[in-house]
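Working notes, beginning with the structure itself.
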Amino acid sequence: MNNSLIVKSLVPFDESDSPSGKFVLLLNGPVLHIIFSSLEFTPYHADIVREYLCAFDPSLVSVVAEGMCHINGQNWKIQGGGTFECRPEDKQLLLRGKSTAFGRYNKELLIGNEIELLKQLSLNRYTLALR
């Protein structure tokens with residue numbers, strides 16, 4: 001799809017530690033945001049959305065219940081979420097699964113953005129696996 005892409009990790013992302021956790025895809029107009037986080041920092045996908053959007057403007061997101069939130073900004077659209085696993089032994093970043101709150105992530109949004117996503121995470125020698 002080749003949208004503009006912003007990749008953000010809410011916790012340090014070091015390939016030597018084999019990080020894993022959850023991620024969420026957000027669209028803000030034509031800009032795709034993919035946000036990664038650890039389970040320890042953000043146990044729910046909604047926590048990732050809340051943490052990320054509050055950095056822009058705290059009024060953009062409202063907590064509805066534990067594990068649920070509502071985006072107040074009209075331009076922001078959640079495009080699902082899932083889990084990730086960085087596999088140094090295979091030189092692979094694996095994205096899979098779905099968010100209970102937001103559904104399966106939209107793989108189509110990542111097609112054409114694989115190299116840029118890996119570059120922004122400093123995983124230049126890696127491949128991206130979408131499941």
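One is the number of the first residue; the rest follow in order along the sequence. All values below come from the heavy atoms of this structure, side chains included, with hydrogens, waters and symmetry mates left out.
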- prompt: If Ile, Leu, Val, Met, Phe, Trp and Tyr residues are connected whenever their side-chain heavy atoms lie under 4.5 Å apart, and connections chain through other members, are I71 and V31 in the same group?
  reply: yes
field: Pairwise side-chain contact, L26 with Y52, heavy-atom cut-off 4.5 Å (strictly under)
entry: yes
- request: Please round to the nearest 0.5 Å and tell me the distance separating atom CD of E51 and atom CG of L10.
  value: 6.5 Å
task: Give a yes or no on this: more than 12 heavy atoms of other residues, nucleotides or ligands lie within 6.0 Å of atom CG of L39.
output: yes
- request: Would you check if C69 and F102 make a side-chain contact, meaning some heavy-atom pair closer than 4.5 Å?
  value: yes
- prompt: Does E89 CD have over 12 foreign heavy atoms under 6.0 Å away?
  reply: yes
query: Is there a path of hydrophobic side-chain contacts, each under 4.5 Å between heavy atoms of I, L, V, M, F, W or Y residues, that connects L117 with I115?
result: no
- prompt: Minimum heavy-atom separation for P88 to Y126, with atom names?
  reply: CA-OH, 3.1 Å
task: List for me each residue that meets side chain to side chain donor-acceptor pair (under 3.5 Å) alongside E114, sequence neighbours excluded, and say none if there are none.
output: none
- prompt: side-chain contact (heavy atoms from CB on, under 4.5 Å) between L123 and C86: does it pass, once the steps are laid out?
  reply: CA-CA 9 Å; L123 298 175; C86 189; 4.3 Å; yes
query: If you look at every heavy atom in R96 and R87, which pair is closest and at what distance?
result: NH1-NH2, 3.8 Å
message: I'd like to know if the side chain of Q120 reaches the main chain of L5, judged simply by a donor and an acceptor atom lying under 3.5 Å from each other, with no hydrogens or angles considered.
response: yes
field: Short side-chain to backbone donor-acceptor contact, H45 and G82, under 3.5 Å
entry: yes
query: How about L27 and W76: do any of their side-chain heavy atoms sit closer than 4.5 Å?
result: no
field: Under 3.5 Å donor-acceptor, D57 side chain and L53 backbone
entry: no
task: Please tell me if the side chains of L110 and L32 come closer than 4.5 Å, counting only heavy atoms from C-beta onward.
output: yes
- line: Interatomic distance, OG@S37 vs NZ@K8, rounded to 0.5 Å, equals 10.5 Å
query: Counting distance only, does the side-chain N/O of T42 pair as donor-acceptor with the main-chain N or O of Y44 below 3.5 Å?
result: no
query: Can you find a heavy atom in the side chain of V63 that is under 4.5 Å from one in the side chain of R50?
result: yes
task: Mind checking side chain to side chain donor-acceptor pair (under 3.5 Å) for N28 and listing every partner two or more places apart, or none if nothing turns up?
output: none
- prompt: Under 3.5 Å, is there a donor-acceptor pair between the side chain of Y105 and the main chain of L95?
  reply: yes
- request: Compute the centroid of each ring, for F36 and then for F84, and state whether the two points are separated by less than 6.0 Å.
  value: yes
message: Quick check: do N124 and L118 have side-chain heavy atoms less than 4.5 Å from each other?
response: no
- prompt: What residues form a side chain to side chain donor-acceptor pair (under 3.5 Å) with N75, not counting sequence neighbours?
  reply: none
- line: On a heavy-atom basis, the closest approach of A101 and M68 is CB-SD, 3.6 Å
Criterion side-chain contact (heavy atoms from CB on, under 4.5 Å) on K91 and T127, from CA distance to verdict: CA-CA 6 Å; K91 297 288 189 226; T127 58; 6.0 Å; no
message: For a 4.5 angstrom cut-off between non-hydrogen side-chain atoms, does I34 reach V24?
response: no
message: I'd like to know if L130 and L93 are part of one continuous hydrophobic network [Ile/Leu/Val/Met/Phe/Trp/Tyr, side-chain heavy atoms within less than 4.5 Å].
response: yes
field: Cluster overlap V49 with V64, hydrophobic side-chain contacts below 4.5 Å
entry: no
- prompt: Hey, does the side chain of K107 reach the backbone of R104 with a donor-acceptor pair shorter than 3.5 angstrom?
  reply: no
message: Is there a continuous path of hydrophobic side-chain contacts, each under 4.5 Å between heavy atoms, that joins L121 to L94?
response: no
field: Modelled atom types, side-chain donor and acceptor of S62 and N72, under 3.5 Å
entry: yes
- prompt: Does a side-chain heavy-atom distance below 4.5 Å link T83 with S20?
  reply: no
